[in-house]
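Here is how names work: the chains are called A, B, and so on, in the same order as the sequence lines, proteins then strands, and each is numbered from 1. All figures in this text were calculated on a predicted structure; none of them were measured in a lab. Both backbone and side-chain heavy atoms feed into the values below; hydrogens, waters and symmetry mates do not.
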Amino acid sequence: MSDQKTPRKSAFGEVKGHIDALATGFKYFVDPHRMTLDYPAEAMELPKNYRGFFRLVDEKCIGCSLCEIVCPSNAIVMMQLPVAQSPAPQAGAQAPARPGPKVKKRPVVDWGMCIFCYFCVDVCPTEAFEPSSIHDLSYFEESEYRPTFEGFLKLPESPSKNSKKVVAKLDEKNGIKYEEKGDKE
Amino acid sequence: MTQEIKTVPFTYEVLSQLEMKEGILELQIGPAHAGSGHMRVLAWVEGDTVVKVDPDVGFVHRGVEKLSEDRLYIKAIPMVERPSLVDTVNANLGYVIALERLLGLEPPPRAQYIRVITAEISRIMSHLYGIAIYGIFMGSSTVFMWAVADREPFIDLLQELTGARVTYSHIIPGGVRWDLPKDFADKVEVALRYLENRMKDYEKVWINNPVVMARSMGVGKLSAQDATRLGVVGPNLRASGVEYDVRKNDPYAAYADFDFEIPTFKEGDSYSRLLIRVEEIKQSMSIIRQALKRLPEGKVIYEDYYKRMSPLMKEIYDKTGRVKFTLMLTSLSPPKGEAISRVEGGRGEMFYYLVSDGGKNPYRFRLVTPSFRNLPYFTHVMPGHKLADIPVIYGSIDYFPPEADR
Ligand code: SF4
Ligand code: SF4
């Protein structure tokens, strides 16, 4: 049981309340606590594990389709891509020598549907997705949301890559403080 | 200036007769973002007095329940977060607990503690948002800006842990997806101390402000008896003097291990609904501190699951604390049966009901959200008040349309 007491009003308390409120307002007028950033002139440097756009590393992918199965928003489509050179038929004991697969399956993400949950990144048995912290992207046309397979092999370019990068630091007085980061890496 | 407000009887028959009367004006508030989201409030007024209010909900229905029926169990995790975007951890936790009960798993203690820590951070954010909404409803953009900005340090904390700002999808059956970073406890302490200091200024500018007191004391009263009868939940129920909190009454995760109080107020008016959120933030801070102090060592995912990981997955977990999904997790098919779970979300009790027919998708999933259960404030508390009291009552109950509409 922890019944709290509601503060009751008195004439004195009322005057004091008004003065307190105004004084506190004035305190912040003189010394404002700003948490906003002047984007895109300044942009936040996000932590390494930020769930941003990612790309596929073709050599690592084994085409298992697990990422497609687990994607909650069905943003992943498995593409059937022709394999350049077909391996030589095996001269084995099997009667009809089967040629190697003519197609390989590779995932492509529709960025318009992706919710960046990273289920696909976490489910991939070979770590074939390379994550990045790029997140601030916009497109002119709806079709641009769907990269081609080649487009999905490289990371998109961040529009704020030339902005001044700042790092958000927790601060006891200001909540969040932005510290400048050494210009470029 | 607080005067006794005559309450209109709680029957629709009486109220619908009023509709026929001459001189009654029908007002439509909304549906385009009438406050904290898209909803329409139909209000009938006689002069300046509200005689009937009908909240028209459903504008932001997401269909979480139905959509989950043709998806794998794990795919519903990001979906249950969507209705209550300022309180995603608690929404996620409730679903996963129901699923774990179906599967019969028990996550390791470290995972339970991490769940409590993130859930309490989420509660602080949700209450700050509630205070912000209350502020803007009463015309104070200062408090709105302050409270929304003060969520930022906490968003930053969870962003560092999970890599996302709002929709963390952090809790999975059997544990959590990421272990706490090394310096997490220190950072949390900085954020908590910041908010503690800041709360003193909130008290001066907003909570003890005579204007706020005059505007909200005695407005929107709901007695303990009526609150229980109407089934309202969460901080609003406790502001009416009913000591009920799922964390205490039906402990889940690691809540039984912690020492905390359930603040209650007798008045049940809008002002005490503001105060209760402030008090609960203090309690949440104490829970977070206790949990970080006593954080057990060990894995964040249950042992059997870890054993089934491939060598590459184990290596990643040991190095970075990131849990990779195994095939087992993606193709969960719980045995036939049903399970319920309740969690105390930022706005009140969230209820989950899962039915499995042995397949890979839920047979039925039911989600009852606190905002929906707080709707009686519109129908039963607002009538009898002045028209200008509608925003005050609406703001004080921290109603969030997407959460009510699911
Ligand atoms: S991040 Fe999530 S939504 Fe996006 S492609 Fe991967 S699994 Fe699908
Ligand atoms: S990206 Fe990974 S999960 Fe997706 S098909 Fe390739 S190997 Fe499988």
query: Which pair of non-hydrogen atoms, one from A:Tyr118 and one from B:Arg177, has the smallest distance, and what is that distance?
result: O-NH2, 3.2 Å
- request: Considering only heavy atoms, give the residues of residues 57-65 of chain A separated from chain B by less than 4.5 Å, sorted numerically, with 'none' for an empty result.
  value: none
query: What option among A:Cys124, A:Pro72, A:Ala168 has the most heavy-atom pairs under 4.5 Å with chain B?
result: A:Pro72
query: Going from CZ on A:Arg51 to OG1 on B:Thr162, what distance comes out if it is rounded to the nearest 0.5 angstrom?
result: 5.5 Å
- request: Check whether A:Lys27 gets within reach of chain B through its side chain, its backbone, both or neither, counting any heavy atom under 4.5 Å.
  value: side chain
- request: Any chance you could measure B:Leu157, atom CG, to A:Leu170, atom CG, to the nearest 0.5 Å?
  value: 5.0 Å
- prompt: Is it true that A:Glu127 and B:Arg322 make a salt bridge, defined as a side-chain N closer than 4.0 Å to a carboxylate O?
  reply: yes
field: Expected output: side-chain B:Lys75 to main-chain A:Val70 donor-acceptor under 3.5 Å
entry: no
query: Can you pull out the residues in residues 105-117 of chain A with any heavy atom less than 4.5 Å from chain B?
result: A:Ile115, A:Cys117
task: Heavy-atom distances under 4.5 Å only: say whether A:Ser133 touches chain B with side chain, backbone, both or neither.
output: neither
task: Calculate, to the nearest 0.5 Å, the distance between atoms CG and CD1 belonging to A:Asp122 and B:Ile172 respectively.
output: 8.0 Å
field: Leading residue by heavy atom contact count with chain B [cutoff under 4.5 Å; candidates A:Ile19, A:Leu66, A:Leu22, A:Ile69]
entry: A:Ile69
Reported SG-to-CZ distance for the pair A:Cys67 and B:Phe325, which is rounded to 0.5 angstrom: 13.0 Å
task: Working to the nearest 0.5 Å, report the span between CG of A:Leu46 and CD of B:Gln159.
output: 5.5 Å
field: Under 3.5 Å donor-acceptor, B:Lys324 side chain and A:Pro125 backbone
entry: no
